[in-house]
Every structure is written in structure tokens, then in C-alpha cells.
Amino acid sequence: MADPESTERGRHYWNRRALTYPRFEEGEDTLEAEVLRLARAHGVDFGGKSVLDVGCGSGKYTLRLAREAARVVAVDISDEMLRILREDAAGLGMRNIRCVRSAWEDFAADERFGIVFAALTPAVHNDASREKLMNFAAGQLVHVAFDRHMYSDVLQGLY
């Protein structure tokens with residue numbers, strides 16, 4: 001379980017960041033589109049699956065995942081990030097996304113998911129948080145993260 005004071009600081013920080021955080025954008029020339037292409041190239045099929053999106057933020061991946069998946073449970077610590085996600089999902093007519101405000105350490109569910117997805121989220125930062133990802137995966141796990149400084153064609157445009 002997360003320290004309540006630390007969780008509240010994190011929520012406050014990400015609520016502030018949501019004001020200027022990038023939102024979902026259409027197109028196949030985005031980092032999100034490329035990451036999902038790479039996942040598919042490695043055998044991940046989101047079609048018709050239940051997906052858990054950990055540290056979903058403003059929904060840049062969530063909305064893409066929801067176009068293929070049967071349903072997506074989107075977890076984030078920030079009320080504002082989830083508000084943005086709900087707003088964008090409504091604008092796109094998507095009804096298969098359930099938002100859950102929770103620190104990853106505190107997240108609980110009575111189910112496992114066909115695919116667990118976590119991309120570039122600080123929510124997954126230690127062995128326990130990575131193990132929790134695996135425990136919720138009934139099928140596949142897609143985890144995009146930094147371990148140490150490295151060069152990446154996919155991420156080079158961000159920096």
C-alpha cells in the first residue's frame with residue numbers, strides 16, 4: 001500500500017501537470033502509434049481483449065487501445081488526467097473505457113486482463129510494481145520503460 005501523504009503529493013503533482021500535458025492526437029505519425037505498431041509486430045493482438053492501462057495519464061494510449069480492445073480499464077493517480085481522458089473518449093464516442101483513480105500501489109481488481117499495458121509511466125518503478133503488472137496479466141504484458149540512458153529511434157523525437 002502506498003504512503004497516503006506520498007500518494008496525495010503525487011496526485012497533486014499530476015493534476016497540475018494535466019493542465020499542459022499532451023493529449024491524444026489522431027494519426028499514425030505519433031509515438032503512441034509507433035509503440036503499438038511495435039507491440040503488434042511482436043505478436044500482441046489487442047483485438048477483442050480486456051486491457052488494463054496502468055498510469056494511463058491523459059489517455060494517449062488508452063484511446064488507441066479502446067479502438068481495438070473489447071474494453072479498457074484505465075488507471076491513473078490524477079483526477080485531472082482522467083477527466084481529460086473521459087472528455088476525449090466522449091468526443092470520440094467511445095464507451096468501452098472505465099477510468100479508475102488510484103495509485104498503482106493501491107489498485108485492486110477481482111479480475112485479470114487479457115493484456116496489461118504500461119508505457120513510460122512512473123507508476124511502475126520497482127520490482128514490486130513490475131510484479132504487480134505480471135499478476136494482473138492473464139495473457140500478455142506490454143511494458144515500455146527506461147532502465148538506463150539509451151538511444152531509441154522511436155523516442156529520439158521527444159528529446
Side-chain angles (χ1 to χ4, degrees), residues 10-11 14-15 17-125 128-147 152-158:
R11 180 172 294 117
W14 287 106
N15 281 342
R17 286 283 316 269
L19 300 173
T20 58
Y21 199 79
R23 291 173 82 139
F24 170 79
E25 64 180 270
E26 294 285 359
E28 293 303 310
D29 295 331
T30 66
L31 170 65
E32 297 79 30
E34 180 64 16
V35 167
L36 294 180
R37 275 194 297 275
L38 288 169
R40 285 185 209 97
H42 285 88
V44 179
D45 178 8
F46 299 100
K49 305 266 177 39
S50 62
V51 176
L52 175 63
D53 185 1
V54 178
C56 66
S58 63
K60 294 180 343 170
Y61 288 100
T62 312
L63 296 167
R64 288 177 182 277
L65 294 168
R67 286 186 167 149
E68 298 177 49
R71 64 189 182 84
V72 179
V73 174
V75 179
D76 202 273
I77 196 169
S78 169
D79 308 284
E80 282 301 303
M81 292 285 196
L82 293 174
R83 181 193 61 74
I84 290 167
L85 169 54
R86 284 186 194 98
E87 183 178 288
D88 289 349
L92 294 167
M94 294 183 172
R95 301 182 191 283
N96 62 338
I97 300 169
R98 181 170 66 95
C99 294
V100 177
R101 185 186 53 82
S102 176
W104 177 234
E105 293 90 349
D106 296 331
F107 176 76
D110 293 332
E111 65 180 305
R112 295 177 72 211
F113 297 83
I115 299 174
V116 173
F117 183 87
L120 305 173
T121 174
V124 181
H125 59 277
S129 59
R130 286 184 290 276
E131 184 174 331
K132 188 170 185 172
L133 289 176
M134 292 185 282
N135 290 337
F136 276 106
Q140 294 174 302
L141 167 63
V142 177
H143 181 208
V144 180
F146 294 106
D147 183 30
S152 168
D153 288 338
V154 175
L155 301 176
Q156 191 61 31
L158 290 176

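It should be emphasised that the depicted structure is a prediction, and the values quoted were computed from it without experimental measurement. Count residues from 1 along the sequence.
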I'd like to know if [X] and [Y] make a salt bridge, using a cut-off of under 4.0 Å between side-chain N and carboxylate O.
{"X": "Arg23", "Y": "Glu87", "result": "yes"}
{"X": "Arg37", "Y": "Glu32", "result": "no"}
{"X": "Glu28", "Y": "Arg64", "result": "yes"}

Please report the shortest heavy-atom distance between [X] and [Y], naming the atom on each side.
{"X": "Asp88", "Y": "Ser58", "answer": "OD2-O, 4.5 Å"}
{"X": "Gly27", "Y": "Ala33", "answer": "O-CB, 3.8 Å"}
{"X": "Leu85", "Y": "Ala74", "answer": "CD2-CB, 3.7 Å"}
{"X": "Leu133", "Y": "Ala118", "answer": "CD2-CB, 4.1 Å"}
{"X": "Gly48", "Y": "Ala70", "answer": "O-CB, 3.4 Å"}

First locate atom [atom1] of [X], then atom [atom2] of [Y], and finally report the distance between them rounded to the nearest 0.5 Å.
{"X": "Lys132", "Y": "Asn135", "atom1": "NZ", "atom2": "CG", "value": "9.0 Å"}
{"X": "Ile84", "Y": "Lys60", "atom1": "CD1", "atom2": "NZ", "value": "11.5 Å"}
{"X": "Lys49", "Y": "Phe113", "atom1": "NZ", "atom2": "CZ", "value": "14.5 Å"}
{"X": "Asp45", "Y": "Glu68", "atom1": "CG", "atom2": "CD", "value": "7.5 Å"}
{"X": "Thr62", "Y": "Met94", "atom1": "OG1", "atom2": "CE", "value": "10.0 Å"}

Considering only heavy atoms from C-beta outward, does the side chain of [X] approach that of [Y] to under 4.5 Å?
{"X": "Phe24", "Y": "Leu92", "value": "yes"}
{"X": "Thr121", "Y": "His143", "value": "no"}
{"X": "Ile115", "Y": "Leu52", "value": "no"}
{"X": "Asp76", "Y": "Cys56", "value": "yes"}
{"X": "Leu63", "Y": "Val72", "value": "no"}
{"X": "Val73", "Y": "Val75", "value": "yes"}
{"X": "Leu65", "Y": "Asp53", "value": "yes"}

Q | Residues forming a side-chain hydrogen bond (donor to acceptor under 3.5 Å, both in side chains) with Asn15, sequence neighbours excluded | A | Ser78, Asp79
Q. Relative to each other, are the rings of Phe117 and Tyr61 parallel, tilted or perpendicular (30° and 60° limits)?
A. tilted
Q: Dump the intermediate steps for side chain to side chain contact (heavy atoms under 4.5 Å, CB included) on Leu141 and Met134, then the final yes or no.
A: CA-CA 7 Å; Leu141 167 63; Met134 292 185 282; 3.6 Å; yes
Q. Between Glu80 and Arg101, is a salt bridge (Lys or Arg N to Asp or Glu O under 4.0 Å) present by the stated rule, with each step listed?
A. CA-CA 10 Å; Glu80 282 301 303; Arg101 185 186 53 82; over 6 Å; no
Under 3.5 Å, side chain of [X] to main-chain N/O of [Y], donor-acceptor pair present?
{"X": "Trp104", "Y": "Gly55", "result": "no"}
{"X": "Ser102", "Y": "Phe107", "result": "yes"}
{"X": "Arg112", "Y": "Ala137", "result": "yes"}
{"X": "His125", "Y": "Ala123", "result": "yes"}

Q: Apply salt bridge (Lys or Arg N to Asp or Glu O under 4.0 Å) to Glu131 and list each qualifying residue two or more places apart in sequence or on a separate chain.
A: none
